[in-house]
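Below: one structure, written as C-alpha coordinates.
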Protein chains: 2
Amino acid sequence: MKGLGELERSIMDILWAHDGPLTAREVGRLMADRDLAPTTVMTVLDRLTRKGFLNRTRDGRAWRYEPGASRDAYVAELMLEALDMTGDRSAALTRFAQTVSGTEAEILRKALTELEEE
Amino acid sequence: MKGLGELERSIMDILWAHDGPLTAREVGRLMADRDLAPTTVMTVLDRLTRKGFLNRTRDGRAWRYEPGASRDAYVAELMLEALDMTGDRSAALTRFAQTVSGTEAEILRKALTELEEE
DNA sequence: CGGGTAGTACTACGTCGTGTAGAGGTGGGT
DNA sequence: ACCCACCTCTACACGACGTAGTACTACCCG
(Lines give C-alpha, C1' and ligand atoms only; values in the text may rest on other atoms or scores of the structure.)
Protein backbone atom coordinates (compact mmCIF):
# COMPACT_ATOMS: atom_id res chain seq x y z
CA MET A 1 0.00 0.00 0.00
CA LYS A 2 1.60 3.24 1.07
CA GLY A 3 1.25 5.79 3.81
CA LEU A 4 -0.63 9.00 3.46
CA GLY A 5 0.64 12.50 3.95
CA GLU A 6 -0.83 14.78 6.51
CA LEU A 7 -3.17 16.65 4.19
CA GLU A 8 -4.16 13.45 2.47
CA ARG A 9 -5.05 11.91 5.77
CA SER A 10 -7.13 14.92 6.80
CA ILE A 11 -9.08 14.64 3.62
CA MET A 12 -9.56 10.93 4.01
CA ASP A 13 -10.77 11.61 7.52
CA ILE A 14 -13.43 13.90 6.20
CA LEU A 15 -14.58 11.41 3.65
CA TRP A 16 -14.49 8.57 6.12
CA ALA A 17 -16.50 10.58 8.58
CA HIS A 18 -19.09 11.47 6.00
CA ASP A 19 -21.67 9.14 4.65
CA GLY A 20 -21.99 9.45 0.95
CA PRO A 21 -19.69 10.91 -1.66
CA LEU A 22 -18.58 14.54 -1.61
CA THR A 23 -17.41 16.96 -4.25
CA ALA A 24 -14.09 18.75 -4.02
CA ARG A 25 -15.89 21.93 -3.15
CA GLU A 26 -17.73 20.27 -0.31
CA VAL A 27 -14.58 18.78 1.07
CA GLY A 28 -12.97 22.18 0.86
CA ARG A 29 -15.80 23.72 2.80
CA LEU A 30 -15.46 21.09 5.50
CA MET A 31 -11.84 22.04 5.83
CA ALA A 32 -12.46 25.76 5.91
CA ASP A 33 -10.06 26.11 8.83
CA ARG A 34 -7.10 25.30 6.60
CA ASP A 35 -8.01 27.85 3.99
CA LEU A 36 -6.80 25.85 1.05
CA ALA A 37 -7.12 26.83 -2.57
CA PRO A 38 -9.86 24.81 -4.27
CA THR A 39 -7.35 23.39 -6.68
CA THR A 40 -5.29 22.09 -3.80
CA VAL A 41 -8.20 20.03 -2.60
CA MET A 42 -8.86 18.81 -6.11
CA THR A 43 -5.26 17.82 -6.60
CA VAL A 44 -5.19 15.82 -3.43
CA LEU A 45 -8.49 14.15 -4.16
CA ASP A 46 -7.12 13.25 -7.52
CA ARG A 47 -3.97 11.77 -6.07
CA LEU A 48 -5.92 9.79 -3.53
CA THR A 49 -8.07 8.43 -6.31
CA ARG A 50 -5.04 7.46 -8.32
CA LYS A 51 -3.61 5.72 -5.29
CA GLY A 52 -6.78 3.73 -4.96
CA PHE A 53 -8.03 5.22 -1.73
CA LEU A 54 -11.01 6.92 -3.32
CA ASN A 55 -13.53 6.17 -5.98
CA ARG A 56 -15.17 8.95 -7.92
CA THR A 57 -18.26 9.21 -9.97
CA ARG A 58 -19.59 11.99 -12.12
CA ASP A 59 -22.25 14.32 -10.87
CA GLY A 60 -22.89 16.80 -13.64
CA ARG A 61 -19.56 18.44 -14.33
CA ALA A 62 -18.29 17.68 -10.89
CA TRP A 63 -16.80 14.53 -9.42
CA ARG A 64 -18.05 12.99 -6.24
CA TYR A 65 -15.46 11.20 -4.18
CA GLU A 66 -15.90 8.45 -1.67
CA PRO A 67 -13.55 6.11 0.15
CA GLY A 68 -12.88 2.74 -1.40
CA ALA A 69 -12.48 1.15 2.00
CA SER A 70 -13.46 1.98 5.54
CA ARG A 71 -10.99 3.56 7.85
CA ASP A 72 -10.96 0.44 9.95
CA ALA A 73 -10.05 -1.65 6.98
CA TYR A 74 -7.29 0.78 6.15
CA VAL A 75 -5.94 0.73 9.68
CA ALA A 76 -6.11 -3.03 9.84
CA GLU A 77 -4.24 -3.22 6.59
CA LEU A 78 -1.56 -0.87 7.85
CA MET A 79 -1.19 -3.07 10.87
CA LEU A 80 -0.82 -6.14 8.74
CA GLU A 81 1.70 -4.37 6.64
CA ALA A 82 3.76 -3.56 9.68
CA LEU A 83 3.48 -7.18 10.61
CA ASP A 84 4.81 -8.21 7.24
CA MET A 85 8.01 -6.39 7.95
CA THR A 86 9.19 -8.98 10.34
CA GLY A 87 10.47 -12.42 9.63
CA ASP A 88 8.90 -13.74 12.77
CA ARG A 89 5.24 -12.81 12.66
CA SER A 90 4.49 -14.84 15.69
CA ALA A 91 6.97 -12.98 17.87
CA ALA A 92 5.73 -9.64 16.66
CA LEU A 93 2.12 -10.58 17.24
CA THR A 94 2.90 -11.77 20.72
CA ARG A 95 4.75 -8.59 21.38
CA PHE A 96 1.86 -6.60 20.08
CA ALA A 97 -0.60 -8.44 22.28
CA GLN A 98 1.58 -7.69 25.27
CA THR A 99 1.85 -4.06 24.38
CA VAL A 100 -1.78 -3.07 23.95
CA SER A 101 -3.61 -1.73 26.95
CA GLY A 102 -5.78 -3.95 29.09
CA THR A 103 -8.96 -2.57 27.62
CA GLU A 104 -7.71 -3.24 24.16
CA ALA A 105 -6.58 -6.71 25.04
CA GLU A 106 -10.13 -7.30 26.14
CA ILE A 107 -11.49 -6.09 22.84
CA LEU A 108 -9.12 -8.32 20.97
CA ARG A 109 -10.07 -11.28 23.08
CA LYS A 110 -13.70 -10.73 22.44
CA ALA A 111 -13.20 -10.36 18.70
CA LEU A 112 -11.16 -13.51 18.60
CA THR A 113 -13.68 -15.43 20.61
CA GLU A 114 -16.47 -14.41 18.32
CA LEU A 115 -14.39 -15.46 15.39
CA GLU A 116 -13.97 -18.86 16.88
CA GLU A 117 -17.64 -19.34 17.41
CA GLU A 118 -18.50 -18.95 13.79
CA MET B 1 8.03 7.65 15.24
CA LYS B 2 8.62 7.54 11.52
CA GLY B 3 8.97 5.01 8.79
CA LEU B 4 12.25 3.80 7.42
CA GLY B 5 13.47 3.92 3.86
CA GLU B 6 14.41 0.83 2.00
CA LEU B 7 18.14 1.00 2.61
CA GLU B 8 17.57 1.99 6.19
CA ARG B 9 15.39 -1.02 6.73
CA SER B 10 17.94 -3.35 5.16
CA ILE B 11 20.54 -2.07 7.52
CA MET B 12 18.25 -2.36 10.51
CA ASP B 13 17.56 -5.92 9.42
CA ILE B 14 21.21 -6.74 9.55
CA LEU B 15 21.63 -5.24 12.96
CA TRP B 16 18.49 -6.89 14.23
CA ALA B 17 19.63 -10.23 12.92
CA HIS B 18 23.00 -9.88 14.52
CA ASP B 19 23.69 -10.25 18.19
CA GLY B 20 26.02 -7.59 19.40
CA PRO B 21 26.97 -4.23 17.92
CA LEU B 22 28.61 -3.90 14.54
CA THR B 23 30.86 -1.33 12.96
CA ALA B 24 30.00 0.43 9.73
CA ARG B 25 32.58 -1.65 7.93
CA GLU B 26 31.10 -4.87 9.21
CA VAL B 27 27.63 -3.83 8.18
CA GLY B 28 28.99 -2.94 4.77
CA ARG B 29 30.55 -6.35 4.43
CA LEU B 30 27.28 -8.03 5.33
CA MET B 31 25.64 -6.08 2.55
CA ALA B 32 28.29 -6.88 -0.01
CA ASP B 33 25.63 -7.68 -2.58
CA ARG B 34 24.60 -4.04 -2.77
CA ASP B 35 28.10 -2.80 -3.35
CA LEU B 36 27.68 0.42 -1.46
CA ALA B 37 30.37 2.97 -0.77
CA PRO B 38 31.53 2.73 2.83
CA THR B 39 30.46 6.31 3.41
CA THR B 40 26.97 5.45 2.31
CA VAL B 41 26.69 2.88 5.04
CA MET B 42 28.11 5.31 7.55
CA THR B 43 25.71 8.02 6.56
CA VAL B 44 22.74 5.76 6.95
CA LEU B 45 23.94 4.41 10.26
CA ASP B 46 24.34 7.97 11.38
CA ARG B 47 20.85 8.92 10.32
CA LEU B 48 19.40 5.90 12.01
CA THR B 49 21.20 6.85 15.18
CA ARG B 50 19.91 10.38 14.97
CA LYS B 51 16.42 9.05 14.49
CA GLY B 52 16.79 7.00 17.63
CA PHE B 53 16.76 3.56 16.05
CA LEU B 54 20.36 2.81 16.90
CA ASN B 55 22.73 3.40 19.77
CA ARG B 56 26.42 3.64 19.18
CA THR B 57 29.43 3.29 21.39
CA ARG B 58 33.07 3.88 20.71
CA ASP B 59 35.40 1.02 19.92
CA GLY B 60 38.79 2.53 19.35
CA ARG B 61 38.33 5.01 16.53
CA ALA B 62 35.29 3.24 15.23
CA TRP B 63 31.68 3.31 16.32
CA ARG B 64 29.76 0.20 17.05
CA TYR B 65 26.07 0.36 16.31
CA GLU B 66 23.27 -1.64 17.79
CA PRO B 67 19.49 -1.41 17.70
CA GLY B 68 17.79 0.50 20.46
CA ALA B 69 14.81 -1.80 20.32
CA SER B 70 14.08 -5.25 18.97
CA ARG B 71 12.45 -5.66 15.64
CA ASP B 72 9.39 -7.04 17.33
CA ALA B 73 9.11 -3.98 19.48
CA TYR B 74 9.47 -1.83 16.41
CA VAL B 75 6.81 -3.74 14.53
CA ALA B 76 4.49 -3.67 17.50
CA GLU B 77 4.98 0.05 17.75
CA LEU B 78 4.23 0.53 14.08
CA MET B 79 1.05 -1.43 14.57
CA LEU B 80 0.04 0.70 17.52
CA GLU B 81 0.79 3.77 15.52
CA ALA B 82 -1.50 2.62 12.77
CA LEU B 83 -4.08 1.98 15.42
CA ASP B 84 -3.72 5.53 16.68
CA MET B 85 -4.81 6.81 13.33
CA THR B 86 -8.36 5.90 13.92
CA GLY B 87 -10.86 7.51 16.18
CA ASP B 88 -12.40 4.18 16.99
CA ARG B 89 -9.63 1.93 18.21
CA SER B 90 -12.06 -0.74 19.19
CA ALA B 91 -13.50 -1.05 15.70
CA ALA B 92 -10.07 -1.15 14.14
CA LEU B 93 -8.86 -3.77 16.57
CA THR B 94 -11.88 -5.91 15.92
CA ARG B 95 -11.33 -5.51 12.25
CA PHE B 96 -7.74 -6.46 12.64
CA ALA B 97 -8.59 -9.55 14.63
CA GLN B 98 -10.96 -10.59 11.89
CA THR B 99 -8.40 -10.02 9.21
CA VAL B 100 -5.45 -12.02 10.48
CA SER B 101 -5.13 -15.61 9.41
CA GLY B 102 -6.35 -18.46 11.56
CA THR B 103 -2.88 -19.37 12.67
CA GLU B 104 -2.20 -15.85 13.67
CA ALA B 105 -5.46 -15.55 15.50
CA GLU B 106 -4.34 -18.56 17.47
CA ILE B 107 -1.06 -16.91 18.35
CA LEU B 108 -2.85 -13.81 19.46
CA ARG B 109 -5.25 -15.80 21.57
CA LYS B 110 -2.44 -17.60 23.27
CA ALA B 111 -0.52 -14.41 23.96
CA LEU B 112 -3.62 -12.80 25.39
CA THR B 113 -4.39 -15.79 27.54
CA GLU B 114 -0.93 -15.82 28.99
CA LEU B 115 -1.27 -12.16 29.69
CA GLU B 116 -4.40 -12.80 31.61
CA GLU B 117 -2.81 -15.43 33.76
CA GLU B 118 -0.19 -13.14 35.17
C1' DC C 1 59.69 8.52 10.84
C1' DG C 2 56.65 8.52 6.79
C1' DG C 3 52.98 6.62 4.24
C1' DG C 4 49.13 3.66 3.69
C1' DT C 5 44.78 2.42 5.92
C1' DA C 6 40.67 2.69 8.47
C1' DG C 7 37.70 5.50 10.37
C1' DT C 8 35.30 9.94 11.13
C1' DA C 9 32.74 14.32 10.10
C1' DC C 10 30.85 17.24 6.78
C1' DT C 11 28.85 18.33 2.53
C1' DA C 12 26.39 17.42 -1.63
C1' DC C 13 23.27 16.08 -5.17
C1' DG C 14 19.45 13.70 -7.60
C1' DT C 15 14.92 11.83 -7.02
C1' DC C 16 10.54 11.23 -5.22
C1' DG C 17 6.43 12.22 -2.39
C1' DT C 18 3.64 15.74 -0.73
C1' DG C 19 1.62 20.38 0.18
C1' DT C 20 0.26 23.98 -2.30
C1' DA C 21 -1.50 26.46 -6.08
C1' DG C 22 -1.82 29.00 -10.75
C1' DA C 23 -3.25 28.90 -15.82
C1' DG C 24 -6.12 27.70 -19.10
C1' DG C 25 -10.10 25.12 -21.10
C1' DT C 26 -15.14 24.13 -21.30
C1' DG C 27 -19.95 23.84 -20.70
C1' DG C 28 -24.38 25.85 -18.71
C1' DG C 29 -27.22 29.30 -17.07
C1' DT C 30 -28.85 34.34 -17.50
C1' DA D 1 -22.29 36.84 -25.23
C1' DC D 2 -20.40 36.28 -20.68
C1' DC D 3 -19.38 34.76 -16.33
C1' DC D 4 -19.00 31.12 -13.05
C1' DA D 5 -18.04 26.72 -11.51
C1' DC D 6 -15.31 22.93 -12.39
C1' DC D 7 -11.95 20.37 -14.55
C1' DT D 8 -7.24 19.19 -16.26
C1' DC D 9 -2.43 20.20 -16.52
C1' DT D 10 1.58 21.98 -14.95
C1' DA D 11 4.59 23.77 -11.52
C1' DC D 12 7.39 24.62 -7.59
C1' DA D 13 9.38 24.33 -2.94
C1' DC D 14 10.68 21.32 0.70
C1' DG D 15 11.96 17.41 3.17
C1' DA D 16 13.32 12.44 3.24
C1' DC D 17 16.29 9.12 1.41
C1' DG D 18 19.82 6.75 -1.45
C1' DT D 19 24.17 7.54 -2.63
C1' DA D 20 28.76 9.19 -2.36
C1' DG D 21 32.92 12.44 -2.46
C1' DT D 22 36.29 15.20 0.28
C1' DA D 23 38.99 16.32 3.89
C1' DC D 24 40.97 15.34 8.37
C1' DT D 25 43.07 12.16 11.92
C1' DA D 26 45.08 8.39 14.35
C1' DC D 27 47.54 4.20 14.06
C1' DC D 28 50.34 0.28 12.33
C1' DC D 29 54.11 -1.38 9.20
C1' DG D 30 58.35 -1.21 7.49
Side-chain angles (χ1 to χ4, degrees), chain A residues 1-16 20-67 74 77-78 81-82 85, chain B residues 1-16 20-67 74 77-78 81-82 85:
Chain A
M1 195 168 23
K2 196 62 184 90
L4 296 176
E6 190 274 325
L7 212 209
E8 292 175 330
R9 187 138 40 197
S10 302
I11 288 187
M12 285 307 293
D13 276 340
I14 287 186
L15 289 164
W16 272 323
L22 296 174
T23 64
R25 181 147 299 252
E26 287 163 348
V27 171
R29 260 195 263 286
L30 291 172
M31 310 213 354
D33 44 328
R34 293 191 60 150
D35 194 33
L36 295 168
T39 49
T40 300
V41 178
M42 288 184 195
T43 302
V44 176
L45 286 170
D46 210 55
R47 288 182 183 161
L48 286 169
T49 305
R50 216 164 311 185
K51 292 190 199 174
F53 288 98
L54 298 177
N55 296 318
R56 64 183 197 179
T57 45
R58 280 287 181 193
D59 177 9
R61 278 150 292 153
W63 291 104
R64 291 202 161 269
Y65 295 85
E66 99 190 297
Y74 171 60
E77 192 159 341
L78 274 189
E81 209 170 282
M85 267 194 33
Chain B
M1 197 167 24
K2 196 60 183 94
L4 296 176
E6 190 275 325
L7 213 210
E8 293 176 329
R9 187 136 42 198
S10 301
I11 287 187
M12 286 306 293
D13 275 341
I14 287 187
L15 289 165
W16 272 322
L22 296 175
T23 64
R25 181 148 297 253
E26 287 164 347
V27 172
R29 260 195 263 285
L30 290 172
M31 309 212 355
D33 44 328
R34 295 190 58 148
D35 194 33
L36 295 167
T39 50
T40 300
V41 178
M42 287 183 195
T43 301
V44 175
L45 286 170
D46 210 56
R47 287 185 185 157
L48 287 169
T49 305
R50 215 165 309 185
K51 291 189 199 174
F53 287 99
L54 297 177
N55 297 319
R56 66 182 194 177
T57 46
R58 278 289 180 189
D59 176 10
R61 278 151 291 153
W63 290 106
R64 290 202 162 269
Y65 296 84
E66 98 190 299
Y74 172 60
E77 193 160 339
L78 272 189
E81 210 170 280
M85 267 193 32

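Below, chains carry the letters A, B, ... as their sequence lines are ordered, and counting in each starts from 1. All values reported here derive from a predicted model rather than from experimental measurement.
Separating the CE atom in A/Met85 from the OH atom in B/Tyr74 is a distance of 4.5 Å, to the nearest 0.5 Å. Atom CH2 in B/Trp63 sits 11.0 Å away from atom CG in B/Asp59 (nearest 0.5 Å). Going from atom CD1 of B/Ile14 over to atom CG of B/Leu22 covers 8.0 Å, rounded to the nearest 0.5 Å. Atom OG1 of A/Thr23 is separated from atom CZ of A/Arg29 by 7.5 Å, given to the nearest 0.5 angstrom.
Inter-residue side-chain proximity for A/Tyr65 and A/Ile11 is flagged as unmet; no heavy-atom pair is nearer than 4.5 Å. No side-chain heavy atom of A/Glu66 sits less than 4.5 Å from a side-chain heavy atom of A/Thr57.
Near DNA chain C, defined here as any heavy-atom distance below 4.0 Å, the residues from residues 41-48 of chain A are A/Thr43, A/Val44, A/Arg47, listed numerically. Against DNA chain D, the stretch residues 55-67 of chain A makes heavy-atom approaches under 4.0 Å through A/Arg56, A/Arg58, A/Arg61, A/Ala62, A/Trp63. Less than 4.0 Å separates DNA chain D from at least one heavy atom of each of the following residues of residues 23-38 of chain B: B/Arg34, B/Leu36, B/Ala37.
Rounded to 10 degrees, the angle separating the terminal helix axes of the helix from C/dC1-D/dG30 to C/dT30-D/dA1, each built from five base pairs, is 20°.
Taking only side-chain nitrogens and oxygens, A/Lys51 comes nearer than 4.0 Å to OP1 or OP2 of C/dT18.
In terms of polar N and O atoms assigned as donor or acceptor, the side chain of A/Thr40 never comes within less than 3.5 Å of the base of C/dG19 in a complementary pairing.
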Scan the side chains in residues 36-47 of chain B for donor-acceptor partners under 3.5 Å anywhere in the protein, sequence neighbours excluded, and list what turns up.
from, atom 1, to, atom 2, distance (Å)
B/Thr43, OG1, B/Thr39, O, 2.8
B/Asp46, OD1, B/Arg56, NH1, 3.0
B/Asp46, OD2, B/Arg50, NH2, 2.3

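Scanning both residues, A/Pro21 and A/Glu26, for their nearest heavy atoms gives O-OE1, 4.3 Å. Of all the heavy atoms in A/Gly3 and A/Lys51, the pair that sits closest is O-NZ, 4.3 Å. A pairwise comparison of heavy atoms in A/Pro67 and A/Met12 identifies CB-CE, 4.3 Å as the closest pair.
Nucleotide C/dC16 holds its P atom 16 Å from the CZ atom of A/Arg50, rounded to whole Å. Look at CZ on A/Arg9: it is 12 Å from C1' on C/dT18, rounded to the nearest Å.
For DNA chain D, the span of nucleotides reached by chain A at under 4.0 Å from its heavy atoms goes, 5' to 3', from D/dC6 to D/dA11.
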